[in-house]
Amino acid sequence: LNKIDKDIFKTNQNISFLDLSFNKISKLEIGAFSSLINLEDLYLRSNQLEYFEDDIFLNSNLSKLNYISLQNNNIKNIYFTNLFITCFQI
């Protein structure tokens with residue numbers, strides 16, 4: 001798994017915990033998590049992400065999202081303007 005496409009989770013709206021760690025994800029499409037309205041915890045540890053921007057949550061109602069883990073990636077840039085998260089780890 002190297003890319004998360006837009007709306008890949010559209011039939012799984014009830015997911016509250018998502019662990020995509022230890023893959024080879026290098027790209028998150030805009031709107032990749034837009035249908036996960038109950039998402040609280042998102043783990044993307046140990047992938048190949050270099051950039052993480054809040055536009056991947058574009059058109060999303062992620063009011064329950066509290067935690068994002070990006071540890072052990074190749075993060076060069078994190079850009080948030082419209083996303084408020086209780087706990088964020090890199």
Side-chain angles (χ1 to χ4, degrees):
L1 183 63
N2 60 9
K3 181 173 83 167
I4 304 297
D5 293 319
K6 180 182 177 190
D7 295 328
I8 192 169
F9 301 106
K10 69 180 176 181
T11 59
N12 299 301
Q13 295 180 353
N14 293 321
I15 293 174
S16 62
F17 176 92
L18 183 59
D19 191 345
L20 295 170
S21 301
F22 301 99
N23 285 285
K24 295 181 180 181
I25 300 169
S26 61
K27 179 147 179 73
L28 300 168
E29 294 283 330
I30 293 173
F33 303 104
S34 63
S35 60
L36 297 177
I37 58 174
N38 291 306
L39 187 62
E40 296 177 23
D41 301 313
L42 176 60
Y43 291 83
L44 293 164
R45 294 177 301 210
S46 299
N47 281 288
Q48 298 174 356
L49 295 169
E50 293 184 6
Y51 302 95
F52 193 86
E53 299 183 17
D54 61 356
D55 64 358
I56 66 163
F57 299 108
L58 193 65
N59 299 322
S60 301
N61 180 12
L62 295 173
S63 60
K64 297 180 181 181
L65 184 61
N66 291 317
Y67 183 85
I68 296 177
S69 176
L70 295 169
Q71 296 160 309
N72 299 319
N73 279 280
N74 298 318
I75 301 291
K76 296 177 182 172
N77 185 23
I78 296 177
Y79 182 73
F80 286 157
T81 56
N82 299 312
L83 190 62
F84 299 96
I85 300 169
T86 305
C87 186
F88 182 79
Q89 289 187 336
I90 54 170

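Here K76 pairs with E50 in a salt bridge; the nearest charged N to carboxylate O distance falls below 4.0 Å.
Between F9 and L39 there is no side-chain heavy-atom pair separated by less than 4.5 Å. Between L49 and I75 there is a side-chain heavy-atom pair separated by less than 4.5 Å. Side-chain contact between D7 and E29 is absent, with no heavy-atom pair separated by less than 4.5 Å. In this structure the side chain of S35 never reaches within 4.5 angstrom of the side chain of N12, judged on heavy atoms.
Rounding to the nearest 0.5 Å places OG of S34 at 7.5 Å from CG of L36.
F33 and L42 make their closest contact through CE2-CD1, 4.0 Å (heavy atoms, listed as atom of the first residue, atom of the second, distance).
In terms of the side chain to side chain donor-acceptor pair (under 3.5 Å) criterion, K10 has no residue partners (sequence neighbours excluded). Scanning for side chain to side chain donor-acceptor pair (under 3.5 Å) contacts around D5 gives K3, with sequence neighbours left out.
Listed for the N2 side chain is no donor-acceptor partner under 3.5 Å among the backbone atoms of S26. At distances below 3.5 Å, not a single donor-acceptor pair connects side-chain atoms of N74 with backbone N or O atoms of Q48.
In the model, N38 has a side-chain atom that pairs as donor or acceptor with a side-chain atom of K64 under 3.5 Å.
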